[in-house]
Amino acid sequence: MRTQVAIVGAGPAGSLLSLLLRRHGIESVVVERQTKEYVLGRIRAGVLEWTTVELLRAAGLADRLDAEGHVHDSVKIGWRGEEILSIDFQRLTGKPMMSYGQTMIQEDLYLAAEAEGANIVFGASDVEIHDVTTDQPWVRFTADGEQVRLDCDYVAGCDGYHGVSRATIPADAKTEYEKAYPFGWLGILSETPPLPHLIYANHERGFALCSQRNPMLSRYYVQCPLDDTVDDWSDDRFWTELLARLPVSEGEQLVTGPSIEKSIAPLRSYVCEPMSHGRLFLAGDAAHIVPPTGAKGLNLAVSDVHYLSEALAAHYAGDSAPLAAYSATALHRVWSSVRFSWWMTTLLHRFPDQTVFDQRIQEEDLTHLAASEASQTNVAEQYVGLDL
Ligand code: APR
Ligand code: PHB
């Protein structure tokens, strides 16, 4: 089998890349380890930068997003139990944000891929990437019990943090930057009306976040110890803890109900540099991870594949400079989001070794943020994301 671009992984990065390449007349084959149902069952974050929305619109992939997404102009931050500050990013930056679950984006991408006849091989096992430092790279995988050799011009590694692509790059050809945080997020989905806005809370009992998917689907998180399991968290315990961490006026509006999904995720920052090796290009979680506090993970996956698809299109049209610059171009945006997500995480969580001094510094940061429009503009600019 032969194609122009072999894409490993059909999460948001790989499936969107395949569709964007098609817009440029470039062929690809996507090989995904899991089944389609498994990928669609993963519950992830759901806040889109306007740049992401516009990119999906330009690619003709935003019909449902425009019909069902919830545009919001601001977020709230609660602290000290009762204080609330609001960051009105629409007023401060001219850009809103959109709440729309990653699960729905994934569905939209698969529907478009099916309608357009894009080639996605699900259930591909034993994926191996070969000869990326030659001009004839190839990928081997097993599908339906048969071994397949896929020859290609380029390989896009879109296989997430635990994939094979990054591991293909020799240790002496990459530098890895990593920070693990000493807590996780327990997240639930419930079929209840959400609060009218996103609210992040810094509380002495730990961080909390209220978010939304649609008018009858809410997403909530509380910071929890890394060794907790979902069995430690009955729905009652979750709601009691969430209420305790929210400002009273917000808690009063909270509608509780049974959870329909509950999971715990660790928080980590990670970057691999460069994001390319020979003819292998990494995109999305394969190259970087951010803690969810800044709502950046999916947006970065989208900007990476935007840069990569444009660079490959330019290359096939005779200009190879953007492809040579792909890693540097993508990393600029990556580090901006990595820094912001680290900062939001540091500002809003209780760290196990936090002293009263550290706590006063956090409070001072929040007090300043509440009082200073310049400071709010700075945060708003980073929250809505850099232009592409
Ligand atoms: N072979 C083939 N496919 C693989 C392999 C492999 N060896 N390893 C992993 N995969 C697949 C996974 O099953 C998954 O479907 O690659 C896909 C990677 O998808 P994601 O982990 O969702 O990563 P990405 O597409 O970069 O999207 C990033 O997802 O994790 C969130 O917060 C993150 O929103 C961000 C987005
Ligand atoms: C979510 O809706 O899941 C969400 C929102 C904001 C975040 C993280 C996750 O910062």
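Just so you know, ligand 1 is whichever comes first in the structure, and atom 1 is the first atom listed for that ligand. Fair warning: this is a prediction, and the values are worked out from it, not measured in the lab.
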Quiz prompt | Interfacing atoms of ligand 2 (cut-off 4.0 Å, heavy-atom, Ala45) | solution = 3 (O), 9 (C)
Exercise. Quick one: look up the protein heavy atom nearest atom 3 (O) of ligand 2 and list residue, atom name and how far away it is.
Key: Tyr221 OH, 2.6 Å
Quiz item: Nearest protein heavy atom to atom 8 (C) of ligand 2, by residue and atom, and its distance?
Solution: Pro292 O, 3.2 Å
Could you list the donor-acceptor pairs under 3.5 angstrom formed between side-chain atoms of residues 40-50 and any protein atom two or more places apart in sequence or on another chain?
from, atom 1, to, atom 2, distance (Å)
Glu49, OE1, Arg333, NH2, 3.2
Glu49, OE2, Lys296, NZ, 2.7
Trp50, NE1, Glu54, OE2, 3.4

Quiz item: Using 4.0 Å as the upper bound for N to carboxylate O, is an ion pair formed by Asp66 and Arg57?
Solution: yes
Exercise. Could you tell me the residue and atom name of the protein heavy atom closest to atom 2 (O) of ligand 2, and the distance to it rounded to 0.1 Å?
Key: Ser211 OG, 2.5 Å
Quiz item: To the nearest 0.1 Å, how far is atom 5 (C) of ligand 2 from its closest protein heavy atom, and which atom is that?
Solution: Val47 CG2, 3.4 Å
Quiz item: Who else is in the cluster with Phe357 when I, L, V, M, F, W and Y are joined by side-chain contacts under 4.5 Å?
Solution: Ile361
Exercise. For Glu373, check salt bridge (charged side-chain N to carboxylate O under 4.0 Å, His left out) against everything at least two apart and list the hits.
Key: Arg91
Self-check item: Numbered atoms and elements of ligand 2 in range of Gly46, under 4.0 angstrom, heavy atoms
Solution: 1 (C), 2 (O), 3 (O)
Quiz item: Tell me: protein heavy atom nearest atom 10 (O) of ligand 2, and distance?
Solution: Tyr200 OH, 2.7 Å
Quiz item: Is the charged tip of Arg237 near the ring of Trp233: under 6.0 Å from the six-membered ring centre and within 45° of its axis?
Solution: yes
Quiz prompt | ligand 2 atoms in contact with Arg219 (distance to a heavy atom under 4.0 Å) | solution = 3 (O)
Quiz item: Phe340 vs Tyr383 aromatic rings, parallel, tilted or perpendicular, using cut-offs 30° and 60°?
Solution: perpendicular
Quiz item: Can Arg166 be said to sit on top of Tyr161's aromatic six-ring, NZ or CZ under 6.0 Å from centre and within 45° of the ring axis?
Solution: yes
Self-check item: Basic-acidic side-chain contact under 4.0 Å: Arg64, Asp108
Solution: yes
Self-check item: Side-chain touch Pro292/Trp185, heavy atoms, less than 4.5 angstrom
Solution: yes
Practice problem: Of the side chain and backbone of Thr293, name the one, both, or neither that has a heavy atom under 4.0 Å from an atom of ligand 2. | Solution: backbone
Practice problem: Select one of side chain, backbone, both or neither to describe which atoms of Ala295 lie under 4.0 Å from any atom of ligand 2, heavy atoms only. | Solution: both
Exercise. Write out the protein residues near ligand 1, meaning a non-hydrogen atom under 4.0 Å from one of its atoms, in order of chain and number.
Key: Val8, Gly9, Gly11, Pro12, Ala13, Val31, Glu32, Arg33, Gln34, Val39, Arg42, Arg44, Gln102, Val127, Cys158, Asp159, Gly160, Gly163, Val164, Gly284, Asp285, Gly297, Leu298, Ala301
Quiz prompt | Sidechain N-carboxylate O distance under 4.0 Å for Arg149, Glu128 | solution = no
Quiz item: Are any non-hydrogen side-chain atoms of Trp335 and Glu273 less than 4.5 angstrom apart?
Solution: yes
Quiz prompt | Non-hydrogen atom of Arg213 closer than 4.0 Å to ligand 2 | solution = yes
